[in-house]
Each structure stands twice: as structure tokens, then as C-alpha cells.
Protein chains: 2
Amino acid sequence: MTSKPNVRQPSHVACRDCSLSSLCLPLALSLQDIDQLDRIIKRGRPLKKGEHLFLEGDSFDSVFAVRSGAIKTYTATNEGEEQITSFYLPSEILGLSGMDTDVYPVSAQAMETTMICEIPFEQLESLSDQFPELRRHLMRLMSKKIREDQQMMMLLSKKNADERIATFLINLASRFRRRGFSSQSFRLAMSRNEMGNYLGLAVETVSRVFTRFQKNGLIYAVGKEIEIRDPAQLCQLAGGKTVDAEQIISAS
Amino acid sequence: MTSKPNVRQPSHVACRDCSLSSLCLPLALSLQDIDQLDRIIKRGRPLKKGEHLFLEGDSFDSVFAVRSGAIKTYTATNEGEEQITSFYLPSEILGLSGMDTDVYPVSAQAMETTMICEIPFEQLESLSDQFPELRRHLMRLMSKKIREDQQMMMLLSKKNADERIATFLINLASRFRRRGFSSQSFRLAMSRNEMGNYLGLAVETVSRVFTRFQKNGLIYAVGKEIEIRDPAQLCQLAGGKTVDAEQIISAS
DNA sequence: ATACGACTTTGAGGCCACTCAATGACGTCA
DNA sequence: TGACGTCATTGAGTGGCCTCAAAGTCGTAT
């Protein structure tokens, strides 16, 4: 929009030097093949909070990897309100759901200052022709997304407010952990409002549950800073059998 | 289980002779290439109502296409109850969500007598190596599934009982229509219980909504036979902007 | 430092869908 | 054909979460 931004963090880290490569697309490629992926990746300036990566209805050209920061995707309900469909953390890939309609079915917006790697889909497809493993990885990504969405459907149709929020916190914790951050103590990128929107709850309900969890020693929360105090009980609320839950318990 | 069943319908229709080929996997292939797909497809005996195609946790070996009948997929909630995740009608493909874990994340059960085409995944993958278009089609299928699941999440988190059931009926009608059946009048494969389970509603609520819809002239329902009397209003309840809705309106 | 807006918390009250319970309809099998 | 089990319907009562409202807190920009 204005002149080139003054970025402290180098904006052009190659995949081979990126600390996230073992979680991101490159994990499907050998060291020498990574460079080919690297060449098609576009790394733009950081997005500021509130800026959009793409809008619902934009033509589907690329998939994106989050390098730092956080992205939310959302769509409009029939009444024109926003319905958040996903939150994306560093190393996670978004945009794939646009593939079969040639337009993105959701909008993607930065929730804080965010760095993004853009992978033009057409070139990704030709690369997939060369590297079957990359192709399989893409399909696994989508398959995983389907499973996660089904977990989410289960949450929305069967869980009460306490269970929803416990599940959400445990899930976030586990994702932070995989990325080398603390799973006990972290900062939420989203507001209570956004959390409620995503979880199918009113803001007030989210707030009340947080208060109650804190009163009962499950968590300690100040604003967006969260500390998980009783992972075991939180996991149990979330419905212990999930892998996520076990990961956190083992981390404590 | 017993001797070979006496099937009225020929159990070994080749893809090229199957009336569903234009909706199913073959749509990605040219006429001569279809035969290659055809050779890897296994067509077993029909499943009787209640029989399982696979169980949650079974090793992921194949994807399946429904040829006739209907399949539901479900998983167990933490309390051990069944949570239905999808219904599949003829020409629809299921099983793809097992891809990234090597086990099926759900169980699949016949809701009525059902004929199935089984496509061993390993062979489907090698075929994909030969035919980029087949590969793209598979990815589009998954992408579509993701979009549908997100519609479902929206339904579960934002819609009330009336809207959920209207959406469900409109969606079914549109799927029947695509398959050349009437979209005005059809037979539900699922019980009220299963419908409620899928839609996140109690059976009693489903029943009450059906009664009310009937009283208001939106539908006429006797048991599992459904007639859509006022597609426009039903679409509006479902949240008019969906493509499904428009299709039905244009059909009336 | 201060003022403003955005976000969060807390309370009061109401509604929608759930649960429990009982009756009615359907389909199936002996 | 009758008896049984399953499924569907209807009613009464309850509770969890929503809505509305107001006060409190935080962050930010001037």
C-alpha cells in the first residue's frame, strides 16, 4: 500500500532455512527437491492485523502457509453476520477448500501481524506431477482437514459450553506444543467474541465459562494470556479420548 | 455370509454401462481410460440393511462408491453414543477421510439394501499417476467435502431446528434431483432418530418440526415418504442463498 | 495524561430445545 | 392374524444458553 515496510524479521527465508519446514509442505520433499518448491513460493510483505489475504469469491489461485502470526477464515451467514470457520497458526496451510470451485469459499484475515508464504496452485500442481510424495501430502492435508471438521461437527452438535471451550483450549495447546511453544501457557490470538463465534456460543457464555474455569483452578487467564493449570481435568472435559488430550497430559 | 445371494439387479455392471458414471469417478476419465478404472473395481454382493462396509479403526484400503441404496457414516462420541457424520446416496464416494491416518475414522453402515463399488486405494493411486485428471478429480472431491462440512458447521452453530430441517430436506431433494429422481417427492432412507442425530436435534424436535411443516403446508409427510409442497418457502427457511435452494426452486 | 472506542465481565430474565413419559402407528415374524 | 419390538408422535416441565442491559477494563491514539 505504501512504501516497502521495514521488517525486522527477514521476509525471505528459504524453505530449507525455515524452522517450520518439518511441519509445513517441505516435509513431503527431499532436501534437493525443496529448492524447487522454494522457487515457486512468493513471500510478500507482512499482513497487518485486519488485512485480508483473500476474500470469499476471489478467484482461487494459491494456497498459503502461515509463517508467523495467525489467520482466521470466515464466511457470511444468511443474515450477513460473520461465521468463523477456522484459525490457522504458523506452518498450517490454508486455501485448499477453494480447489473445486475456482473461488475461495471463505475470506481469510490476519488476526495479528502475520507473515505468509504464497504457493501458486498451478505451479504446485505441476510440481505434484513430478513428486508423487508431494501430491500425497496434499491429499493427506485435505483428509486431515476433513477429519478435523468432523470433530468440530461433533463438538457443535453434542458438547455443552464447558466441553466446547475445554476442547478448544486443549486443541490450541497441542498445536502450540507441536510448534515448539509452551502448551501450558500461551497467548490467544482471538477475542472472546471470535472464540464464541467459532464455537457456536455467545460472547457472554465464553466469558462466564472462563470465569468458572478460573474459579475452579482449571486455568488462569488474564486477557488473552492463558495458563492451563489442570490439564488432566481440562482434557477430561474435552472428552479424554482424543489424541490431543493425551499429548497435553504427557506434556505436563 | 451364506451362499451367493440371488440378485435381481446384475451385480457386475461395468462403469461404461453404469447410469451413474457421469456423476461418479469415471467423469474424470475418457471412454477408453474408463476400462482401466473398471478393472480395479471390486463389486461385491449387496449389503443388507445394517451391514457394515467398514468399521472405525479398520485399516484404510479402499474408497467406495454407492451404486444403489444408502450408507451412513458415524463415529462414537465420548459417552459411547453414535454420532452420524454423513449420509451417502448413489454415485457418491466415501472413505477418503481415512487417507492420512491409514485407518477409517468412522464406521460405514448400510441403511437399506445397498450395492457398492470398491476401489482399492493403492491401485487408484497408481492410476492417478497415469491420469492427472483423475487425480485432480479426487482432490476436488475432497475439497467439495470440506466445503460441505463447513456448511454443516454453520448449520450446527447458527441455525434453529426449523432451519436445520429445511436445509436438510432441500439438500436431499437437490441430490435426488441430480440423480434423475424427483426432487419434490422421495423416500427418506433414515429414521427420524438418525436425522436428529445428524442435525444435532432430539428425535422429538424433529417430529414436532415435521408436524408443524405439514400443518403449514410446507411438506406432506407419511412415514418416510416426503413430498415437498412449498419449495420456495422451504428454501427461504434453509437460507435461500445456497445453490441447492435455487436448484429446487427452479425445479418446481 | 487523558479520552475514546473496543473488548470483557456480570446480572436478570426469557426462550428454545431437551428430557422424561405415555400413547399411537408401523412393520415383522411366528 | 395377533403379538411384539421398533419407531413416531404428542404433552408437560425443565434447564442451558441466549438476549438485553449496564458497568468495568484494556489498549491506543492524540
Side-chain angles (χ1 to χ4, degrees), chain A residues 48-50 70 72 77 79 81-84 109-113 155-169 187-216 219-226 237, chain B residues 48-50 70 72 77 79 81-84 109 111-113 155-169 187-216 218-226 237:
Chain A
K48 275 178 291 199
K49 177 173 178 170
K72 70 172 174 186
T77 65
E79 292 78 37
E81 312 154 47
E82 156 179 319
Q83 165 69 44
I84 296 174
Q109 188 178 26
M111 303 170 68
E112 52 191 51
T113 303
L155 177 145
L156 289 171
S157 77
K158 288 276 186 295
K159 292 185 178 178
N160 65 26
D162 285 15
E163 293 164 343
R164 287 182 201 201
I165 289 179
T167 305
F168 182 70
L169 291 177
R187 179 171 214 286
L188 300 169
M190 70 289 297
S191 68
R192 302 284 190 271
N193 207 336
E194 290 170 321
M195 206 183 306
N197 181 305
Y198 177 64
L199 294 173
L201 297 171
V203 203
E204 297 91 330
T205 304
V206 175
S207 185
R208 279 184 252 269
V209 173
F210 265 67
T211 304
R212 185 147 27 82
F213 277 6
Q214 184 146 351
K215 215 170 277 173
N216 297 338
I219 62 171
Y220 178 71
V222 180
K224 297 192 166 159
E225 294 295 335
I226 297 284
L237 256 180
Chain B
K48 276 178 292 199
K49 176 174 178 170
K72 69 173 174 186
T77 65
E79 293 77 36
E81 313 155 46
E82 156 179 318
Q83 164 68 46
I84 296 173
Q109 187 179 26
M111 304 170 68
E112 52 191 49
T113 303
L155 176 145
L156 290 171
S157 76
K158 290 274 187 295
K159 292 184 177 177
N160 64 25
D162 285 16
E163 293 164 343
R164 287 182 200 200
I165 289 180
T167 305
F168 182 71
L169 291 177
R187 181 172 214 285
L188 299 171
M190 69 290 296
S191 67
R192 302 283 191 271
N193 208 334
E194 290 170 322
M195 205 183 308
N197 181 304
Y198 178 64
L199 294 174
L201 297 171
V203 202
E204 295 93 331
T205 304
V206 174
S207 185
R208 279 183 251 269
V209 172
F210 265 67
T211 304
R212 185 146 26 82
F213 277 6
Q214 185 145 350
K215 214 170 279 173
N216 298 340
L218 294 185
I219 62 171
Y220 178 71
V222 180
K224 297 192 167 160
E225 295 295 335
I226 297 284
L237 257 180

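Chain naming here is simple, since letters A, B, ... match the order of the sequence lines and numbering starts at 1 in each.
- For the pair A/Glu163 and A/Leu237, the tightest heavy-atom approach, listed with the atom from each and the gap, is CG-O, 3.3 Å.
- Taking atom CD of residue B/Glu163 and atom P of nucleotide C/dC16, one finds them 12 Å apart after rounding to whole Å.
- The stretch residues 203-215 of chain A touches DNA chain C through A/Glu204, A/Ser207, A/Arg208, A/Thr211, each having a heavy atom under 4.0 angstrom from the strand.
- For the pair A/Met190 CE and C/dC7 P, the computed distance is 14 Å after rounding to whole Å.
- Between B/Lys158 and A/Asn197, the shortest heavy-atom contact is NZ-O, 3.8 Å.
- Counting to the nearest Å, the C1' atom of C/dC7 and the CZ atom of A/Arg187 are 13 Å from each other.
- Looking at A/Met190 and A/Ile84, their side chains never come closer than 4.5 Å, going by heavy atoms from C-beta outward.
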If you apply the rule salt bridge (Lys or Arg N to Asp or Glu O under 4.0 Å), what do you find for B/Glu112 with B/Lys49, and how did you get there? CA-CA 4 Å; B/Glu112 52 191 49; B/Lys49 176 174 178 170; over 6 Å; no

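- Within residues 192-202 of chain B, the residues that place at least one heavy atom under 4.0 Å from DNA chain D are, in residue-number order, B/Arg192, B/Asn193.
- The terminal axes of the helix from C/dA1-D/dT30 to C/dA30-D/dT1, fitted over 5 pairs per end, subtend an angle of 40° to the nearest 10°.
- Computed from coordinates, the B/Lys224 NZ to D/dT9 P distance equals 11 Å when rounded to whole Å.
- One interatomic measurement links the two molecules: CD1 of A/Ile165 to P of C/dT9, which rounds to 10 Å at whole-angstrom precision.
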